[in-house]
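Reckoned from all heavy atoms, side chains included, excluding hydrogens, waters and symmetry mates. Positions are given from 1, in the same order as the sequence printed here.
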Amino acid sequence: MISLETELCRLFGMAYPIIQAGMAGGSTTPELVSAVSEAGGLGTLGAAYLAPEAMKDAITEIQLRTEKPFAVNIFASHEKDDFSRLDEVQKALTPFHSELKIEKLQSSYASSDWSAAQFEICIEKGVPIISTAFGCLSKQQMDIAKAQGVKTVVMVTTVKEAQQAEQAGADAVVAQGSEAGGHRSTFSLERHPQGALIGTMSLVPQIADAVAIPVIAAGGIADGRGLVSSLALGAQAVQLGTRFLTAREAGTHRAHKQAIFDSDEESTVITKVFSGRPARGIKNRFIEEFEKGEIAPLPFPSQNTITKDLRAAAAKNNDPAFMSLWAGQSTRMLTDEQGAADIIGAIMEQAQKILS
């Protein structure tokens, strides 16, 4: 029998099996994270691109807003900068720079890697749950987390990755289907250059059968039907990203929200042109024209670093044609802006009706 009260809810202190994804880049504001947790779900701060002091401030604000559990998501990637083709890629970006009036380009770049410091801040600030993307915490970090009573979650895209996370000591895994928006957590792109492309409905039960720790379903889930279906497949909770991008408390750019509302199930593509790592977003002019030029982007995180100015200028100009409009495949189901509590309430109400 399917129950909305799961072992994971008890483990993480949630009233409802709903987790807001830790999306880096500014959408997961302290207001959103705390509102989700206050409403009975689990809010997650997407901290991967936050400088240490900004991360500390955000965690402090969340703790002032709620006494409920929340999570912080950081990168566990071992990918290093590679700017060996910088001149070639900069030439491909020149027309976009000119159009957006970006004149002062750097002659050299270096991507920030704050992951070690971010982990230390989580421990220092008493963050109850840490989730990771692109890999697992190191053994030393995992030992520290366990000694401090911190729960850990690893986002995965294959059964093998889930087993690796379990062996590393994770308390739960997020099974990210190919429908998911933004970057999915494929550990290595050598075998899967576009990220592992296993759909949520196929991935969740196979991971649930392969590991003993709780599984969280993610990818294309936006309502109570998706929640109930995920629980039936063996998950103990769902993680929603795109659904919360449109929340009133989210820091998502207004043009990004509108692009989601204007899109449908055919609007998104998987692309590397913004960051160098495969990510699902709404197809726009930048994706179309860069890919048409047949110049490969730099690998992650280098491509992400050199397109930062372009994305910032586009956001300032309210121009979605050059913004990274991350979104999953269920955008037709999202029609208006709601508060986080209303989103969770609607999902739970629909799920309870289905199960009654």
Side-chain angles (χ1 to χ4, degrees), residues 8 12-14 17-39 41-52 54-59 61-63 65-66 68-77 114-115 117-119 121-123 125 127-137 141 145 150-157 165 170-177 180-186 216-219 221 237-247 249-252 256 275 277 279-280 301 304 324 326-328 340 343-344:
L8 188 70
F12 285 179
M14 303 182 294
I18 298 173
I19 298 171
Q20 164 248 309
M23 300 165 285
S27 59
T28 57
T29 60
E31 293 88 348
L32 176 62
V33 175
S34 56
V36 170
S37 290
E38 280 291 297
L42 182 74
T44 308
L45 176 68
Y49 298 136
L50 289 178
M55 179 181 172
K56 282 185 183 179
D57 291 344
I59 292 172
E61 186 173 348
I62 293 167
Q63 291 170 328
R65 288 174 172 270
T66 184
K68 301 286 182 63
F70 66 95
V72 171
N73 179 264
I74 59 178
F75 289 165
S77 171
W114 294 310
S115 57
Q118 289 172 336
F119 173 79
I121 290 168
C122 288
I123 299 300
K125 298 289 289 181
V127 171
I129 301 164
I130 298 174
S131 68
T132 60
F134 310 148
C136 305
L137 294 174
Q141 289 173 326
V150 176
K151 305 300 182 186
T152 58
V153 180
V154 178
M155 299 194 293
V156 302
T157 59
D171 293 289
V173 291
V174 178
Q176 290 182 296
H183 296 93
R184 283 170 299 111
S185 193
T186 300
I216 301 157
I221 303 164
V238 293
Q239 179 171 286
L240 281 63
T242 310
R243 187 68 188 86
F244 284 110
L245 278 179
T246 62
E249 299 90 344
T252 315
H256 188 172
S275 72
R277 238 188 182 271
R280 184 179 293 282
N304 191 70
S324 49
W326 303 141
I343 291 171
I344 292 173

Inset, instruction - Report the C-alpha separation of Gln141 and Cys136 in whole Å, then their side-chain angles, then the decisive distance to 0.1 Å, and conclude whether the side chain to side chain contact (heavy atoms under 4.5 Å, CB included) test is met. - result: CA-CA 9 Å; Gln141 289 173 326; Cys136 305; over 6 Å; no

Inset, instruction - Run through Thr252, Val36, Thr44 and flag the one making a side-chain contact (heavy atoms from CB on, under 4.5 Å) with Phe244. - result: Val36

Legend entry - Option among Val72, Leu50, Val33 that satisfies the side-chain contact (heavy atoms from CB on, under 4.5 Å) test with Ile59: Val72

Inset, instruction - Could you tell me how the ring of Phe134 sits relative to the ring of Phe75: parallel (under 30°), tilted (30 to 60°) or perpendicular (over 60°)? - result: tilted

Locate the shortest heavy-atom distance separating [X] from [Y]; write the atom from each residue and the value.
X	Y	answer
Glu31	Glu249	C-CB, 3.9 Å
Pro69	Leu42	O-CD1, 3.5 Å
Gln63	Lys125	NE2-O, 2.7 Å
Cys122	Ile130	CB-CD1, 3.6 Å
Ile344	Gly41	CD1-N, 4.1 Å
Ser37	Gly43	OG-N, 3.0 Å

If we ignore hydrogens and angles and just use 3.5 Å, is the side chain of [X] paired with the main-chain N or O of [Y] as donor and acceptor?
X	Y	value
Thr242	Gly328	yes
Asp171	Val153	no
Thr28	Gly46	yes

How long is the straight-line distance from [atom2] of [Y] back to [atom1] of [X], given to the nearest 0.5 Å?
X	Y	atom1	atom2	result
Thr186	Gln176	OG1	CD	8.0 Å
Thr29	Ile62	OG1	CD1	8.5 Å
Arg277	Arg184	CZ	CZ	9.5 Å
His183	Arg280	NE2	CZ	13.0 Å
Phe119	Leu137	CZ	CG	5.5 Å

Legend entry - Leu32 vs Ser27 side-chain heavy atoms within contact, under 4.5 Å: no

Inset, instruction - Begin with the C-alpha distance, continue with both residues' side-chain angles, and end with the deciding distance and a verdict on side chain to side chain contact (heavy atoms under 4.5 Å, CB included) for Asn304 and Tyr49. - result: CA-CA 11 Å; Asn304 191 70; Tyr49 298 136; 3.9 Å; yes

Inset, instruction - Take Met14 and Ile19, measure what side chain to side chain contact (heavy atoms under 4.5 Å, CB included) needs, and give me the verdict at the end. - result: CA-CA 9 Å; Met14 303 182 294; Ile19 298 171; 3.8 Å; yes

Inset, instruction - Decide if the gap between the ring center of Trp326 and the ring center of His256 is smaller than 6.0 angstrom. - result: no

Inset, instruction - Check whether NZ of the Lys or CZ of the Arg Arg65 lies under 6.0 Å from the centre of the six-membered ring of Phe70 and within 45 degrees of that ring's axis. - result: no

Inset, instruction - Give the intermediate values and the outcome of side chain to side chain contact (heavy atoms under 4.5 Å, CB included) for residues Leu45 and Asn73. - result: CA-CA 6 Å; Leu45 176 68; Asn73 179 264; over 6 Å; no

